[in-house]
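Step one of this worksheet: look at the structure below.
Each chain gets a letter, A, B and so on, in the order the sequences are listed, and its residues count up from 1. Heavy atoms only: backbone and side chains are in, while hydrogens, waters and symmetry mates are out.
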Amino acid sequence: MITKCSLPSVVFNLSHAHFKTQNYNHPLRARAALPDPLSCRLHSCSDADSLVSFLIFALGKCSSASYCEAVHARVLKSASYGHGFIGDQLVSKYVAVGCEKHAEKLFDEIPEKDLVSWNSLISGFSRKGCLAKCLYAFRRMRNEAFMNPNEVTLVSVISSCADVKALDEGRSIHGLSERLGMLMEVKVVNSLVNMYGKCGKLGAACHLFEVMPVRSLVSWNSMIAVYAENESPMEGISCFTLMRRSGIQPDDATLVALLQACESVGSIRLLESIHCVICCRGFYRQMSIMTALSSLYAKTGRLDASHRVFLEIRNPDSIAWTAMLAGYAAHGYGSEAVTLFELMVKKGMMPDHVTFTHLLNACSHSGLVEEGKWYFRTMLELYGVEPTLDHYSCMVDLLGRSGFLEDAYELIKSMAMEPNSGVWGALLGACRIYRNDELGKEAAEHLINLDPSDARNYIVLSNIYSAVGLWKDASEMRALMKENFVARLPGCSYIEHGNKIHQFVVGDRSHPLSHMIYTKLTELIGKIRRAGLTPKTEFVLHDVDEESKEDMINEHCEKLAISFGILVTNPGRTLIIRKNLRICGDCHSFAKMISLIEKRTIIIRDPKRFHHFTDGICSCADYW
DNA sequence: CTAGGGTTAG
């Protein structure tokens, strides 16, 4: 006998008898027996226990709202909410698929709510990143039901605080955990360590880690990740050494955290040594590690190595494809990124919002205006990806950079959400290229409102004013900057050599080889002059850069780093340099000419992208 | 026997 379900599209496909004979606890069997829960038929079950077991199992297989409703309807018909905890399961599933209202309503209908019921609701909200709802449920639990949280409750709430960097709330849960004597629980402390790390409180995280009675593998992993996230990569690596000395075997999370630490150090040598560890210990089978590794090679300037690692991944998932795509995008290979995207879709991968962010970014940096517009239009229709602020930033950048300033502005005005600094920053960037003081002023005003302490916004606007001859406005911007006590971030370049990262600032004379570096620099500038390659103003951004004109352009840190690199490495070796601010127009020309004269490939990474200089041209084609 | 996320990849 077949019973109809309340929703027409949802029919189950297994008889109860069939279901019972199968060992449904075995994941492989279960998958084979129930390939697609949405298209299955449910025969009536004689006893409620098996029905509930089946429903719980089926619920875990699918994640759509209509499916939850179908199961819900079935529960109302022949079982109680308390039966096999089906009510709790439904609550967490409803939250997971985004039906918070259904979840809350159902939750209130559950007659005897125990701790697990509350935890289902709280952890559900936590996972969805709804800190407010999560905390609200947590307070209700304590104030209405007079229940004390257990370790699961605390971990959920603390993780939620970590996700949204809610330090104050996190601290108060920390205090509560202490009062309840829960700081003996490893899991609770681990999530606290993570929370403090995410909130930038390295000291608090370290202290907790040091005093915790028992440290698990996860504790060490969390601590390494916290170091890596808080600009203390070397400490993260020493932490790894200590972990090994305590006899703890690393797992995939350890390696991923270590790779992150490498990224902060910016050391390719270190990255290569960790690559060796990965190969030796057989970690190369783990997708998360390989994805992180591929991404790290790209971020440290070695797109070729990144691609090789990607090719080693057996069945790359959507995240791995996106990582590769992001690499191409950052290095300015727009059409390659587009090809890669089409290929991943052809392979059946489902692109998500991150994929589209990088794809649009790639289009923008390569001037693929039509392609970018098309993907932006179709991402919702074809892939169900709602545009976010990041996507709008990319599109404003794409339109603005290619000269359609008004279109970019119109797009901002058409947005349903409040534009953030990324969006206005993209517009301001375009205004500085095309020296549009009117729109630039509006963008900069928004930006200064959003973050008055960011020096770049004042400088860019001031430079735009200078460029169009509005000297008074320009000096007013400088004055405003002083008034707001904003300090300009000093430009800084890094280059790795001989097991060390060498750092240079403008006019730096602190390096032990300083004298030779300056001699080399003078020699290089002389060579450029003699070759008749005087920098022309062909570069649109010339003399409007983040570091002001007052700086001694000839002693900019990029030039020092390049001179040092040429001085200490063999002829023909590629130089890889990182910079904390965007490269200035003059240094960009300098790098191009040096790449030609010295026959060197120079790769410079700025906060926005990579520049590959070879034979006198840059991969960005002077198009930022 | 025991429902309910400790960390980690784009």
Side-chain angles (χ1 to χ4, degrees), chain A residues 52-53 56 59-60 82-93 95-96 114-128 134 149-160 162-163 185-195 197-198 205 209 212 214-226 228-229 243 250-261 263 278 283 286-296 298-299 306 309-310 313 316-330 344 349 351-359 361:
Chain A
V52 166
S53 306
I56 288 177
L59 206 51
H83 208 136
F85 320 104
I86 184 72
D88 302 337
Q89 301 264 356
L90 264 173
V91 168
S92 48
K93 208 68 198 178
V95 181
D114 61 4
L115 186 55
V116 176
S117 312
W118 284 99
N119 285 347
S120 301
L121 189 69
I122 292 169
S123 77
F125 286 141
S126 166
R127 278 201 143 180
K128 292 296 281 184
C134 180
N150 69 355
E151 75 280 3
V152 176
T153 330
L154 293 173
V155 162
S156 294
V157 183
I158 295 166
S159 304
S160 186
D163 286 344
E185 291 286 338
V186 192
K187 294 181 182 183
V188 173
V189 184
N190 288 345
S191 52
L192 281 170
V193 167
N194 175 46
M195 185 276 293
K198 290 280 188 308
F209 180 76
M212 67 193 293
V214 186
R215 290 185 201 113
S216 65
L217 169 63
V218 179
S219 315
W220 287 98
N221 289 348
S222 307
M223 199 59 232
I224 296 172
V226 167
E229 288 161 3
M243 166 184 168
D251 70 350
D252 54 336
T254 321
L255 269 291
V256 169
L258 271 181
L259 286 168
Q260 281 187 327
E263 211 258 308
I278 289 169
F283 279 122
Q286 301 237 19
M287 185 117 60
S288 60
I289 293 178
M290 293 304 271
T291 304
L293 186 63
S294 168
S295 161
L296 259 289
K299 283 180 188 163
S306 164
V309 172
F310 175 72
I313 303 177
D317 64 1
S318 163
I319 297 180
W321 280 95
T322 304
M324 194 64 252
L325 180 68
Y328 278 118
M344 80 175 265
M349 296 298 137
D352 66 5
H353 65 107
V354 185
T355 319
F356 278 103
T357 304
H358 292 296
L359 180 63
N361 189 28

With the side chain of [X] defined as its heavy atoms from C-beta on, choose the nearest nucleotide among [options].
| X | options | value |
| --- | --- | --- |
| A:Asp252 | B:dG6, B:dT8, B:dA9 | B:dT8 |
| A:Ser120 | B:dG4, B:dG6, B:dG10 | B:dG4 |
| A:Ala323 | B:dG10, B:dT7, B:dG4 | B:dG10 |
| A:Ala292 | B:dT7, B:dA9, B:dG6 | B:dA9 |
| A:Lys187 | B:dG6, B:dT8, B:dT7 | B:dG6 |
| A:Ser123 | B:dA9, B:dG4, B:dG10 | B:dG4 |

Expressed in angstrom and rounded to an integer, what is the separation of [X] atom [atom1] from [N] atom [atom2]?
| X | N | atom1 | atom2 | answer |
| --- | --- | --- | --- | --- |
| A:His358 | B:dG10 | NE2 | P | 8 Å |
| A:Leu296 | B:dA9 | CG | C1' | 10 Å |
| A:Phe356 | B:dG10 | CZ | P | 19 Å |
| A:Leu293 | B:dT8 | CG | P | 19 Å |
| A:Ile224 | B:dT7 | CD1 | P | 15 Å |
| A:Met324 | B:dA9 | CE | C1' | 15 Å |
| A:Leu255 | B:dT7 | CG | C1' | 13 Å |
| A:Leu192 | B:dT7 | CG | P | 12 Å |

I'd like to know if the side chain of [X] reaches the main chain of [Y], judged simply by a donor and an acceptor atom lying under 3.5 Å from each other, with no hydrogens or angles considered.
| X | Y | result |
| --- | --- | --- |
| A:Asn150 | A:Thr153 | yes |
| A:Ser294 | A:Thr291 | no |
| A:Ser126 | A:Ile122 | no |

Report which part of the nucleic acid [X] touches: base, sugar-phosphate, or nothing (heavy-atom distance under 4.0 Å, all strands).
| X | result |
| --- | --- |
| A:Ser219 | nothing |
| A:Leu115 | base |
| A:Val193 | nothing |
| A:Ser191 | nothing |
| A:Glu185 | nothing |
| A:Val256 | sugar-phosphate |
| A:Thr291 | base |

Got a donor-acceptor pair under 3.5 Å from the side chain of [X] to the base of [N]?
| X | N | result |
| --- | --- | --- |
| A:Thr153 | B:dG4 | no |
| A:Asp352 | B:dG10 | yes |
| A:Ser216 | B:dG6 | yes |
| A:Thr322 | B:dG10 | yes |

Item to check | Residues forming a ring pair (Phe, Tyr, Trp, His ring centres under 6.0 Å) with A:Phe209, sequence neighbours excluded | outcome: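 Scan of A:Phe209 (ring pair (Phe, Tyr, Trp, His ring centres under 6.0 Å), adjacent residues dropped) gives A:Trp220.
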OP1 or OP2 of [N] less than 4.0 angstrom from a side-chain nitrogen or oxygen of [X], does that happen here?
| X | N | answer |
| --- | --- | --- |
| A:Gln260 | B:dA9 | yes |
| A:Ser159 | B:dT7 | yes |
| A:Gln286 | B:dA9 | no |
| A:Lys198 | B:dT8 | yes |

Checklist entry - Between B:dG10 and B:dG6, how far is it from one C1' atom to the other, in whole Å? => result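 My reading of the C1' atoms in B:dG10 and B:dG6 gives 23 Å.
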Checklist entry - Which residue, A:Leu258, A:Asp251, A:Val256, A:Ile313, forms the side chain to side chain contact (heavy atoms under 4.5 Å, CB included) with A:Ile289? => result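 It is A:Val256; the other options fail the test.
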Tabulate below the donor-acceptor pairs under 3.5 Å that side-chain atoms of residues 319-329 of chain A make, not counting sequence neighbours, or state none.
| unit_1 | atom_1 | unit_2 | atom_2 | d |
| --- | --- | --- | --- | --- |
| A:Trp321 | NE1 | A:Pro316 | O | 3.4 |
| A:Thr322 | OG1 | A:Ser318 | O | 2.7 |
| A:Thr322 | OG1 | A:Thr355 | OG1 | 3.0 |

Item to check | Atom pair CG/CD of A:Leu296 and A:Gln260 - distance to nearest 0.5 Å | outcome: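 One finds 8.0 Å between CG of A:Leu296 and CD of A:Gln260.
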